[in-house]
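Sequence lines set the chain letters: A, B, ... in the order given, protein chains first and strands last, and positions in each chain run from 1.
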Amino acid sequence: MRLSRYFLPVLKENPAEAQIVSHRYMLRAGMIKQASAGIYSWLPMGYKVLRRIEQIVHEEQARAGHLALLMPTIQSADLWRESGRYDAYGEEMLRIKDRGGRDMLFSPTAEELITDIFRAHVGSYKDLPLTLYQIQWKFRDETRPRFGVMRGREFLMKDGYNFDVDKDAALHAYNRHMVSYLRTYERMGLTAIPMRADSGPIGGDDTHEFLVLASTGESEVFYDEAVTQLKLGHRDIDYTDRAQVAAVCKEFTTLYARTDETHDPAIYERDVPAERRKVGRGIEVGQIFYFGTKYSEPMGATVQTASGEKVPVHMGSHGIGVSRLLGAIIEASHDDKGIIWPEGVTPFHCGIVNLKQGDAEADAACEAIYAALTALGLDPLYDDRDARAGEKFATMDLIGLPWRITVGPRGLKNGVVELTSRRTGESEELPPEQAVARIAEIYKGI
RNA sequence: CGGGGCGUAGCGCAGCCUGGUAGCGCAUCUGCUUUGGGAGCAGAGGGCCGGAGGUUCGAAUCCUCUCGCCCCGACCA
């Protein structure tokens with residue numbers, strides 16, 4: 001993409017309403033525009049990152065054997081009356097009447113609808129296990145939306161639902177989700193720690209929240225410092241292997257890590273050596289639940305077992321806050337100049353800064369680098385504006401592309417361009433072809 | 001939902017107390033000069049001051065109502 005042809009309305013000054021860094025930078029980098037309280041338009045660059053995050057979520061869900069589908073945002077109240085949640089959910093649910101006076105709602109979550117789909121089409125234990133998920137907009141009419149996309153009223157969420165024949169199988173689904181989530185967050189450059197949590201209105205016995213440590217987080221967290229060192233890495237995982245998946249979960253949930261809701265000082269002090277006890281704040285970027293037959297029983301979602309008996313299926317639900325992740329990633333990765341995108345989610349793989357637009361040699365060198373990167377399947381952003389170097393650098397720093405190739409007459413005289421890491425600020429001079437090769441190398445396998 | 005605050009040009013703000021026909025910086029457009037970290041000079045365009053009533057000869061400014069947004073707290077898969 002050429003910046004002169006792109007829509008990137010960057011702001012030089014901080015918008016008054018933005019209090020936290022991710023909100024400020026998302027507005028300043030031209031990623032979002034507020035439409036009303038807690039509701040945002042996603043401008044091209046914000047939308048690009050959003051889609052990138054979605055894609056990672058999809059890929060990791062597919063790897064775990066889960067199936068994508070899409071359910072409507074507007075749902076009939078009838079199903080919600082059946083589960084009893086139409087009255088129980090409260091003011092957070094946006095209620096609407098259609099022209100026929102029928103009660104409708106904007107879905108805050110989809111247990112009812114997915115259960116309805118399941119009971120209509122599945123009747124045998126042979127069809128299990130089954131895990132269906134979607135990435136769809138949700139609406140929760142929060143009394144006080146804030147922090148930009150971190151706590152909006154409308155937000156994009158991945159919500160998944162597993163259906164299993166018994167509790168053991170459902171707990172395997174739970175574990176499978178935990179592992180797939182760990183991998184998902186790691187690919188985005190995040191350290192998200194699973195913490196034992198409260199089940200809240202969804203109900204159920206087992207639930208973990210995934211927290212990204214950040215000083216602006218809404219939850220207070222207590223943890224063993226060693227938990228932040230755990231890494232899934234590229235290890236091979238067979239998601240159908242119950243023992244292997246359970247072992248990974250054990251590895252990641254044995255060390256103490258809890259939110260203030262479930263924090264137990266006695267256990268904390270008993271199990272965590274004093275020098276490793278950490279108290280901080282975290283951003284909740286996902287949660288997984290096992291809730292058994294809470295919805296399948298009242299809604300009649302049953303399967304026949306091998307012995308011909310009809311039993312309610314065991315279910316769980318699993319969410320990732322996709323739009324919130326943008327905020328969380330920025331909170332976890334920025335400096336005083338702007339965003340620093342991890343390679344896994346960056347909107348463009350690298351920036352090309354032409355220091356002297358209009359100079360025949362510099363223009364030609366930039367075009368050649370642009371073409372070479374594009375030919376390799378990479379997506380560069382070429383700042384071809386007729387602007388001064390300082391402005392181009394400031395823009396690149398703000399929007400946070402992890403790598404920058406700087407091209408100017410001075411370097412070209414010696415046959416070199418500059419390759420700069422946004423994260424470390426370190427620069428290296430090398431011939432254009434080598435710079436291109438280095439970028440290609442960096443993104444191999446990401 | 002309780003408490004506090006703010007709506008004036010695309011963004012950031014001043015003017016309001018003490019009514020007299022709207023201003024600054026950045027951005028935008030034109031021209032010239034510049035060109036390795038948000039350039040300089042000269043010129044130009046852009047706002048019925050959130051909305052509706054009221055007081056007044058006259059309202060951005062005073063009064064009433066209303067809408068929107070932000071902050072702290074409560075709330076929150």
Side-chain angles (χ1 to χ4, degrees), chain A residues 9-20 23-24 27-28 30 33-40 85 88-93 107-111 138-148 150-153 155 157-161 177 195 197-204 206-211 218-219 259-261 283-291 294-295 316-321 324 337-338 353-359 362 383 385-399 404-413 416-418 420 425 427 429:
Chain A
V10 301
L11 305 174
K12 232 175 182 178
E13 286 168 292
N14 280 323
E17 74 270 17
Q19 295 300 309
I20 64 167
H23 191 194
R24 275 205 301 273
L27 289 165
R28 285 196 50 204
K33 181 179 186 317
Q34 182 167 331
S36 57
I39 302 177
Y40 293 86
R85 284 208 297 181
Y89 215 95
E91 291 289 297
E92 249 191 55
M93 181 190 278
S107 169
T109 171
E111 280 83 3
K138 303 290 185 298
F139 195 91
R140 291 181 196 169
D141 199 358
E142 301 263 358
T143 51
R144 193 182 157 212
R146 59 186 123 170
F147 304 148
M150 298 261 283
R151 187 156 165 198
R153 292 194 292 171
F155 56 97
M157 179 169 128
K158 173 263 168 182
D159 48 321
Y161 309 87
H177 278 87
M195 300 196 183
D198 242 7
S199 56
I202 291 226
D206 282 289
T207 177
H208 280 84
E209 283 179 338
F210 293 79
L211 279 291
E218 290 200 86
S219 319
T259 66
D260 49 0
E261 290 169 341
I283 301 164
E284 191 205 321
V285 293
Q287 188 161 9
I288 56 177
F289 297 88
Y290 163 70
F291 47 66
K294 179 179 158 82
Y295 295 91
S317 71
H318 319 275
I320 293 180
R324 173 179 284 186
K337 292 183 197 155
V353 168
N354 187 345
L355 290 173
K356 190 152 188 175
Q357 207 69 43
D359 176 90
D383 190 343
R385 295 173 301 169
D386 185 18
R388 300 166 67 88
E391 189 178 347
K392 292 190 177 187
F393 288 141
T395 300
M396 281 295 171
D397 288 345
L398 175 63
I399 68 176
R404 185 183 82 205
I405 296 176
T406 308
V407 179
R410 203 181 287 171
L412 287 176
K413 268 200 197 89
V416 296
V417 296
E418 210 174 81
T420 307
S427 282
E429 294 200 326

Interatomic distance, [X] [atom1] vs [N] [atom2] [rounded to whole Å]:
X	N	atom1	atom2	result
A:N14	B:rG38	CG	P	18 Å
A:K413	B:rG36	NZ	P	12 Å
A:D383	B:rU35	CG	P	19 Å
A:E92	B:rC1	CD	P	14 Å
A:F393	B:rG38	CZ	C1'	12 Å
A:E17	B:rC71	CD	C1'	12 Å
A:R24	B:rC70	CZ	P	16 Å
A:F155	B:rC76	CZ	C1'	10 Å

Paired with [N] by Watson-Crick or G-U wobble geometry, both distances under 3.5 Å: which nucleotide is it?
N	value
B:rC49	none
B:rG7	B:rC67
B:rG43	B:rC29
B:rG2	B:rC72
B:rC62	B:rG54
B:rG36	none

From [options], pick the nucleotide closest to the side chain of [X]?
X	options	value
A:T109	B:rC70, B:rG37, B:rA77	B:rA77
A:E284	B:rG36, B:rG37, B:rA77	B:rA77
A:A16	B:rC13, B:rA77, B:rC76	B:rC13
A:Q34	B:rA77, B:rU34, B:rC69	B:rC69
A:A389	B:rU34, B:rG36, B:rC70	B:rG36
A:E13	B:rA77, B:rC26, B:rG36	B:rC26
A:K12	B:rU34, B:rG36, B:rC26	B:rC26
A:R146	B:rC71, B:rC13, B:rA77	B:rC71
A:R144	B:rG36, B:rC71, B:rA77	B:rC71

Has the side chain of [X] got a donor or acceptor that lies under 3.5 Å from a partner of the other kind on the base of [N]?
X	N	value
A:D397	B:rG37	yes
A:E391	B:rG37	no
A:R28	B:rG38	yes
A:T143	B:rA74	yes

- NZ of A:K356: more than 12 outside heavy atoms within 6.0 angstrom?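 Result for NZ/A:K356: open.
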- Task: Tell me, yes or no, whether the heavy-atom count around A:E261 atom CD, taken from other residues, nucleotides or ligands under 6.0 Å, exceeds 12.
- Result: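 Above 12, so yes.
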- Within the pair A:R388 and B:rA39, is there a side-chain N or O less than 4.0 Å away from OP1 or OP2?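 Checking B:rA39 against A:R388, a side-chain N or O does come within under 4.0 Å of OP1 or OP2.
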Given the [atom1] atoms of [N] and [M], what is the spacing between them in whole Å?
N	M	atom1	result
B:rC49	B:rG31	P	34 Å
B:rU61	B:rG54	P	14 Å
B:rC69	B:rU8	C1'	15 Å
B:rC6	B:rG25	P	25 Å
B:rG50	B:rA22	P	15 Å
B:rC57	B:rC1	P	41 Å
B:rU66	B:rG20	P	28 Å
B:rA74	B:rG2	P	16 Å

- Message: Has A:K392 got a side-chain atom pairing as donor or acceptor with A:N354's backbone, closer than 3.5 angstrom?
- Response: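 Flag set: sc A:K392 to bb A:N354 pair under 3.5 Å.
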Base, sugar-phosphate, or nothing: which does [X] touch, judged by heavy atoms less than 4.0 Å apart?
X	result
A:K356	nothing
A:Q19	sugar-phosphate
A:R404	base
A:T395	base
A:A394	base

Looking at every non-hydrogen atom in both residues, tell me the closest pair between [X] and [Y] and how far apart they are.
X	Y	value
A:A18	A:L27	CB-CD1, 3.9 Å
A:L398	A:R28	CD2-O, 3.5 Å
A:M396	A:V353	CG-CG2, 3.6 Å
A:E284	A:R324	O-NH1, 2.7 Å

- Query: Would you call the rings of A:H23 and A:Y40 parallel, tilted or perpendicular if under 30° counts as parallel and over 60° as perpendicular?
  - Reply: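 If you compare the ring of A:H23 with that of A:Y40, the planes turn out perpendicular.
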- Query: How do A:G408 and A:R140 order along RNA chain B: which one's closest nucleotide is nearer the 5' end?
  - Reply: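 In this pair, the answer is A:G408.
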- Return the 5'-most residue of the pair A:T406, A:A110 with respect to RNA chain B, ranking by each residue's nearest nucleotide.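 By nearest-heavy-atom nucleotide position, the 5'-most residue is A:T406.
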- Would A:E111 and A:R85 pass as an ion pair if we require N to O under 4.0 Å?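 Yes, A:E111 and A:R85 are salt-bridged.
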